Amino acid sequence: MQKIIDYFKGIMADSEGAPSSKRFVSLGFAVLIVVAFIGNLVWNWTIDDNLLDAAMMIVIFGLGITGVEKFAPKLKEMTTNNDIAK
């Protein structure tokens, strides 16, 4: 059980190990989208299209930004590497 908890802590942490608010918000909105989808299929709830689109955009942009942060080098590392190259 501890391995599972550590795995989720790793997913929700940024590259430095601190909890990432962008990931928490994106995960929360993703859960809301899943609830809306299931509610629409099972209980015939009507969800406003604009509200659903806004929630999906928050998830897409939030997870997109965190994905870019994983692959983009840090500004500090870039300046250090440029100083070494000179």
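Note that the structure is predicted; figures quoted are calculated from it, not measured. The basis for the numbers below is simple: all heavy atoms, side chains too, and nothing from hydrogens, waters or symmetry mates.
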ask   = OG1 of Thr66 to CZ of Arg23: how many Å apart, nearest 0.5 Å?
value = 5.0 Å

task = Supply the atom-to-atom distance Ile4 CD1 to Gln2 CD, rounded to the nearest 0.5 angstrom.
result =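 The CD1 atom of Ile4 sits 10.0 Å away from the CD atom of Gln2.
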
key: Test side chain to side chain contact (heavy atoms under 4.5 Å, CB included) applied to Asp48 - qualifying residues, sequence neighbours left out   = Asn50, Leu51

For residues [X] and [Y]: do they belong to one hydrophobic cluster (side chain heavy atoms under 4.5 Å, members Ile, Leu, Val, Met, Phe, Trp, Tyr)?
X: Val35; Y: Ile58; answer: yes
X: Val25; Y: Ile60; answer: no
X: Ile5; Y: Tyr7; answer: no
X: Leu32; Y: Leu27; answer: no
X: Val34; Y: Met57; answer: no

task = For Ser26 and Gly62, work out which heavy atoms get closest and say how close.
result =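 Minimum heavy-atom contact is OG-CA, 3.3 Å.
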
query = Can you find a heavy atom in the side chain of Leu63 that is under 4.5 Å from one in the side chain of Phe29?
reply = no

